[in-house]
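To start, the structure itself, in structure tokens.
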Amino acid sequence: MLDINFIRDNVDIIKDAARKKHSKVDIDRLVQLDDERKQKLGVVESLRAEQNTASRAVATASNNTEREQLISEMKLLKEDLQAREDELKKIMGDWREIMLQVPNVPDMSVPEGKTDEDNQEFKVWGEKPQFDFEPKDHIELMEDLDMVDFTRGTKVHGFRGYFLKNDGALLSFAIWQYAMDFFTKKGLSPMLPPAIVRKSNLYGTGHLPNEADDIYQTQDDDYLAGTAEVPTMGYYADEVLTAEQLDNAKFLSFSPCYRREAGSHGKDIKGLIRVHEFYKLEQVILCEASHEKSVEYHEQLNRNTEEFIESLNIPYHTVINCAGDLGQGQVKKYDIELWVPREETYREISSASYFHDFQTRRFNIRYKDESGKMRFAHSLNSTAIPTPRVLVSMMENFQNADGSVTIPEVLRKYMGGRERIEK
RNA sequence: GGAGAGAUGGCAGAGUGGUCGAAUGCACCAGUCUUGAAAACUGGAGUAUCGCAAGGUACCGUGGGUUCGAAUCCCACUCUCUCCGCCA
């Protein structure tokens, strides 16, 4: 949600943002509705003022005759007021609907483009492995090592179902544990949030109204969050944060993530790249309403994840997302993608974005700044690490000719000191 | 699942139809006192919105309704708490 006055003052910028993000929102219509809103509001407010004055007169009237007369006059005014209020209500309904569609403005540094294919690589790290044997893909590797069972996964869950088992399960726990240790050292507070959330949280983060198809819903009209960003952002909804709370609003949230993948039925139909249910550690930060702070934290969050991947020694690159690949509320986003040898491509494992006050405005998360003014905080989030997707690269990059897989050094202490996963 | 109580400003908490946008306390800001601080005292201060301003309007969980007038009465919904039941 943007400030309507900001929109009015920057119509061209907003229209350009909508164009870049391929949003069909009609800004001219919004401005027109806002004009009507203001006009009607003026009328309603002056009628209300009249009513309030008259009410006071009724209350202090010296005798009943005077009172009766005032009251009968007020009845007429009341009808007029009610009609006007209905008109205003209707306009406000349309106004709100469009306001929820208005996208946040991408940063100047965000390149134009339509899809993830237009994202621009700006950093490459690590040595891609050279194999002197025919490398296997993660599916074959993991099935051979009895780490995963897709057949029974689909039997139990259906399309995109999977079981992680034995070292597949152990390795997942190792990654979570190691990530917990690694990211909490960066000053984030560990959190286990609910994954079942009320609708308002998804409006808050900006996943609704536009991504409804991709979200699981319960029979109680609750939703299954696709990321811990959703409940973690909701944590401080409708609160005014103290300076201390705002300073410490740096979270590392671990949760299951549920995604219907409604728009991607033909894509990545095998393996662990695209699944309906996975686990993820997510970094979420609230900070003071300063663009510079947002930028600083954004770089930091992204760097945290890069460092984590570097500590695992997996080759990756980082891309800056083009405007067309940004979510409605996002100002700027980096994706970190890991090298997948068999596909000879990089696959996304992390997204780091900042939102300015787009989300906090919807969540109503405020604080008092030094001058005592109420302000909406800024929000940011970034993947710390998703499992099982990270296993795909880990398996393929570290495989050996005999079909075993070398465990990254930093994970060994969580795997009973073992160096390899083997039969 | 059953029974009951409740939701008011940053927090706590009064207020059951008419100058109530709302007492009081705490917290906050400024001043007095003090070498400084604390305490005490004095004063200030809700948020949003319209307006150059004076000032207007809205906001007492949410949405409706009754009324000339609603924090206050009625209806629905949401949430919280207590007790019972069930359950990991």
Side-chain angles (χ1 to χ4, degrees), chain A residues 1-9 30-97 99-100 192-204 208 217-223 231 234-249 256 286 288-289 357 360-377:
Chain A
M1 187 85 80
L2 295 179
D3 183 347
I4 181 64
N5 290 320
F6 176 78
I7 297 172
R8 292 190 67 113
D9 290 345
L30 178 63
V31 172
Q32 184 201 334
L33 275 170
D34 196 52
D35 286 339
E36 284 178 46
R37 178 185 69 92
K38 286 190 176 184
Q39 192 262 328
K40 300 270 188 220
L41 191 63
V43 174
V44 166
E45 285 188 352
S46 57
L47 283 173
R48 279 183 191 151
E50 211 178 309
Q51 187 179 61
N52 288 342
T53 318
S55 284
R56 268 171 238 134
V58 171
T60 56
S62 53
N63 60 63
N64 276 342
T65 336
E66 194 184 329
R67 179 166 299 162
E68 293 303 324
Q69 180 167 356
L70 280 167
I71 288 176
S72 62
E73 279 170 27
M74 290 317 294
K75 282 186 180 169
L76 289 170
L77 185 115
K78 183 191 175 184
E79 277 175 35
D80 191 21
L81 179 59
Q82 264 172 353
R84 303 287 190 168
E85 277 179 340
D86 286 345
E87 292 172 28
L88 181 63
K89 218 173 280 176
K90 196 187 161 302
I91 290 167
M92 284 305 291
D94 297 347
W95 183 89
R96 269 195 213 98
E97 200 176 308
M99 280 294 279
L100 278 176
L192 288 169
I196 302 174
V197 297
R198 310 167 148 278
K199 200 193 275 187
S200 59
N201 297 287
L202 287 150
Y203 276 100
L208 284 177
Q217 199 174 346
T218 74
Q219 63 268 50
D220 301 313
D221 204 27
D222 291 321
Y223 292 75
Y235 184 74
Y236 277 133
D238 295 314
E239 295 191 37
V240 177
L241 305 192
T242 62
E244 200 193 345
Q245 285 174 319
L246 186 62
D247 275 349
N248 295 320
L286 295 175
E288 64 184 272
D357 61 3
T360 52
R361 200 174 272 281
R362 291 183 171 195
F363 272 117
N364 192 27
I365 299 173
R366 295 173 299 166
Y367 71 99
K368 273 189 182 161
D369 70 11
E370 281 143 15
S371 65
K373 189 174 161 43
M374 250 344 157
R375 311 200 57 165
F376 290 108

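Throughout, protein chains are lettered first and strands after them, A, B, ... in sequence-line order, and every chain is numbered starting at 1. Any value given below was found using the heavy atoms of this structure, including those in side chains, with hydrogens, waters and symmetry copies removed.
Summarising the geometry, the separation between CE on A:Met92 and C1' on B:rA58 is reported as 11 Å, rounded to the nearest angstrom. The CG atom of A:Leu81 sits 12 Å away from the C1' atom of B:rG69 (whole-angstrom rounding). The separation between A:Glu239 atom CD and B:rG9 atom P is 13 Å, rounded to whole Å. The CZ atom of A:Arg84 sits 18 Å away from the P atom of B:rU57 (whole-angstrom rounding). Here B:rC68 presents its C1' atom at 12 Å from CD of A:Gln82, a figure rounded to the nearest Å. Rounded to an integer number of Å, the gap from CG of A:Asn364 to P of B:rG46 is 18 Å. Put simply, CG on A:Asp238 is 18 Å from P on B:rA7, counting in whole angstrom units. Distance A:Glu85 CD to B:rG65 P: 10 Å, rounded to the nearest Å.
Comparing the same atom, C1', in B:rG15 and in B:rA71 gives a spacing of 8 Å after rounding to whole Å. With C1' as the reference atom, B:rC50 and B:rC41 are 40 Å apart, rounded to whole Å. B:rU72 and B:rU66 have their P atoms separated by 15 Å, with the value rounded to a whole Å. Rounded to whole Å, the separation between the C1' atoms of B:rU49 and B:rG21 comes to 15 Å. Using C1' as the reference atom, B:rG46 and B:rG31 are 22 Å apart when rounded to the nearest Å. On the P atoms, B:rA40 is 49 Å away from B:rA76, given to the nearest whole Å. Rounded to a whole angstrom, the distance from the P atom of B:rU42 to that of B:rU47 is 25 Å. Taking atom C1' on both B:rU67 and B:rC75, the two are 16 Å apart, rounded to the nearest angstrom.
Shown here are the salt bridge (charged side-chain N to carboxylate O under 4.0 Å, His left out) partners of A:Lys78, two or more places apart in sequence or in another chain: there are none.
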If you look only at distance, which donor and acceptor atoms sit under 3.5 Å apart when one is on a side chain in residues 41-50 of chain A and the other is two or more places apart or in another chain?
from, atom 1, to, atom 2, distance (Å)
A:Ser46, OG, A:Gly42, O, 3.3
A:Ser46, OG, A:Val43, O, 3.0
A:Arg48, NE, A:Glu85, OE2, 3.0
A:Arg48, NH2, A:Glu85, OE2, 2.8

Return a table of donor-acceptor pairs under 3.5 angstrom between the side chains of residues 192-200 of chain A and protein atoms on other chains or two or more places apart.
none

Validation: residues 86-95 of chain A side-chain donor-acceptor distances under 3.5 Å, sequence neighbours left out:
from, atom 1, to, atom 2, distance (Å)
A:Glu87, OE1, A:Lys40, NZ, 2.8
A:Trp95, NE1, A:Asp34, OD1, 2.9

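Here B:rU24 sits opposite B:rA12 as a Watson-Crick or G-U wobble pair (both hydrogen-bonding atom distances under 3.5 Å). B:rC52 is unpaired under the criterion used here, namely a Watson-Crick or G-U wobble arrangement in which both key atom distances are under 3.5 Å. In this structure B:rC59 sits in a base pair with B:rG46, meeting the Watson-Crick or G-U test at under 3.5 Å. B:rA7: Watson-Crick or G-U partner is B:rU78, with both key distances under 3.5 Å. Of the nucleotides present, B:rC84 is the one that pairs with B:rG1 by Watson-Crick or G-U wobble criteria, both distances under 3.5 Å. Using Watson-Crick or G-U wobble geometry with both donor-acceptor distances under 3.5 Å, B:rC41 finds its partner in B:rG31. The partner of B:rG17, taking Watson-Crick or G-U wobble pairs whose two distances both stay under 3.5 Å, does not exist in any strand shown.
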For nucleotides 75-78 of chain B, list the nitrogen or oxygen atoms of the protein found under 3.5 Å from its nitrogen or oxygen atoms, one pair per line.
from, atom 1, to, atom 2, distance (Å)
B:rU78, O3', A:Arg198, NH2, 3.3

Check nucleotides 16-24 of chain B for protein N or O atoms closer than 3.5 Å to its own N or O atoms and list the pairs.
from, atom 1, to, atom 2, distance (Å)
B:rG18, N2, A:Ser55, O, 3.4

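Between A:Asn5 and A:Arg48, it is A:Asn5 whose nearest contact on RNA chain B lies nearer the 5' terminus. Heavy-atom distances to RNA chain B give each of A:Leu41 and A:Val44 a nearest nucleotide, and the one nearer the 5′ end belongs to A:Leu41.
At a threshold of 4.0 angstrom between heavy atoms, the contacts of A:Lys75 are confined to the sugar-phosphate backbone, with no base atom among them. Residue-level contact check: A:Lys89 touches the backbone only, with heavy atoms under 4.0 Å from sugar-phosphate atoms and none from bases. At the heavy-atom level, A:Gln51 lies under 4.0 Å from the strands shown only through sugar-phosphate atoms.
With hydrogens and angles left out, the side chain of A:Glu45 and the base of B:rG56 share a donor-acceptor pair within 3.5 Å.
Looking at A:Arg8 and A:Asp35, a side-chain N of the basic residue comes within less than 4.0 Å of a carboxylate O on the acidic one, giving a salt bridge.
Side-chain contact of A:Arg366 with A:Asn364: a donor-acceptor pair under 3.5 Å is present, judged by distance alone.
Counting non-hydrogen atoms of neighbouring residues, nucleotides and ligands closer than 6.0 angstrom, the CD atom of A:Gln69 reaches no more than 12 such neighbours. Residue A:Glu97 places its CD atom among 12 or fewer non-hydrogen atoms of other residues, nucleotides or ligands, all under 6.0 Å distant.
For A:Asn52 and B:rA58, the shortest distance from a side-chain N or O to OP1 or OP2 is below 4.0 Å.
Closest heavy-atom contact between A:Gly204 and A:Phe363: C-CE1, 3.3 Å.
With rounding to the nearest 0.5 Å, the separation of CG in A:Leu2 from CG in A:Leu100 is 11.0 Å. Taking OH of A:Tyr236 as the start and CG of A:Leu286 as the end, the distance is 8.0 Å to the nearest 0.5 Å. Taking OH of A:Tyr203 as the reference point, atom OH of A:Tyr223 lies at 6.5 Å (rounded to 0.5 Å).
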